[in-house]
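Here is the structure we will look at, set down as structure tokens.
As a basis for the values below, the full set of heavy atoms in this structure was taken, side chains included, without hydrogen atoms, waters or symmetry mates. This is a predicted model, so every value here is computed, not measured.
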Amino acid sequence: MPCPRTVLLSAYMDHACTERRRALIGAHVLACPVCAAELSALRQLCGELRGLQDPPLDLGIARQYRPQPAAPRLSAWRLWLGWSPAGLAIAAALAAGLGLGALPPAASPSGSVVWTASLRVFDPVPPGGLCAAGLCNPPKEQT
């Protein structure tokens with residue numbers, strides 16, 4: 001088995017790995033002086049950390065905390081009234097779009113019908129874009 005990383009040695013020390021892996025790491029640590037020294041250093045560090053005192057609790061924070069007053073709740077009528085200008089604007093925009101789309105084509109002074117140019121959305125090149133290397137209109141095969 002190759003040398004395990006420090007994370008695996010820590011898991012071995014904390015009994016956080018499977019029995020099979022624990023047996024493999026234990027056998028490796030007995031045969032490898034580098035891993036034995038690393039495990040010894042981890043155990044020493046763990047002992048030093050357990051020897052530290054718990055920090056004192058500072059209860060002064062509780063005295064500094066002042067809850068903010070709750071925001072006043074709006075009634076359903078005032079809430080609806082607040083959103084009504086946006087709703088009216090959206091409804092007006094939709095009505096104008098549908099109304100203008102339903103108009104018949106404009107007639108020119110000469111009496112002929114004028115059709116507006118359509119926007120070709122599904123073309124391979126966007127409107128106003130350049131076709132790179134003639135890929136948009138490939139040459140037709142000559143027979």
Side-chain angles (χ1 to χ4, degrees), residues 1-108 112-143:
M1 172 180 184
C3 289
R5 297 187 325 201
T6 306
V7 175
L8 283 177
L9 288 175
S10 177
Y12 170 78
M13 189 177 72
D14 294 337
H15 302 284
C17 53
T18 63
E19 288 300 321
R20 181 175 179 269
R21 179 169 281 180
R22 191 166 162 67
L24 287 172
I25 292 174
H28 178 81
V29 167
L30 290 175
C32 179
V34 175
C35 292
E38 181 76 21
L39 187 62
S40 173
L42 280 173
R43 285 185 175 147
Q44 181 182 358
L45 177 65
C46 185
E48 290 173 2
L49 288 175
R50 287 179 201 258
L52 292 177
Q53 294 179 0
D54 290 334
L57 295 176
D58 182 21
L59 300 177
I61 267 185
R63 280 182 252 129
Q64 295 175 0
Y65 174 71
R66 292 188 187 106
Q68 298 294 325
R73 290 198 51 150
L74 295 176
S75 66
W77 175 253
R78 288 189 64 194
L79 189 62
W80 181 85
L81 204 57
W83 282 100
S84 63
L88 290 174
I90 291 171
L94 284 172
L98 290 173
L100 290 174
L103 289 177
S108 68
S112 64
V113 176
V114 177
W115 292 96
T116 57
S118 64
L119 182 62
R120 298 169 73 184
V121 178
F122 299 108
D123 277 352
V125 177
L130 299 175
C131 183
L135 296 174
C136 302
N137 297 321
K140 296 180 181 171
E141 294 181 20
Q142 296 179 358
T143 55

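In the displayed structure, Arg22 atom CZ is contacted under 6.0 Å by more than 12 heavy atoms of other residues, nucleotides or ligands.
The side chain to side chain contact (heavy atoms under 4.5 Å, CB included) test with Cys32 singles out one residue from Cys3, Pro2, Pro4, and that residue is Cys3. Under the side chain to side chain contact (heavy atoms under 4.5 Å, CB included) test applied with Met13, the options Ile25, Leu8, Leu42 reduce to a single match, Leu42.
When every heavy atom of Leu9 is checked against every heavy atom of Cys35, the shortest pair comes out as CD1-O, 4.2 Å. Across every non-hydrogen atom of Tyr12 and Cys17, the tightest pair is CA-SG, 3.9 Å.
Of the inter-residue distances, the one linking Glu19 atom CD with Leu24 atom CG reads 11.5 Å to the nearest 0.5 angstrom. For the atom pair CG (Leu88) and OG (Ser84), the distance works out to 5.5 Å, reported to the nearest 0.5 Å.
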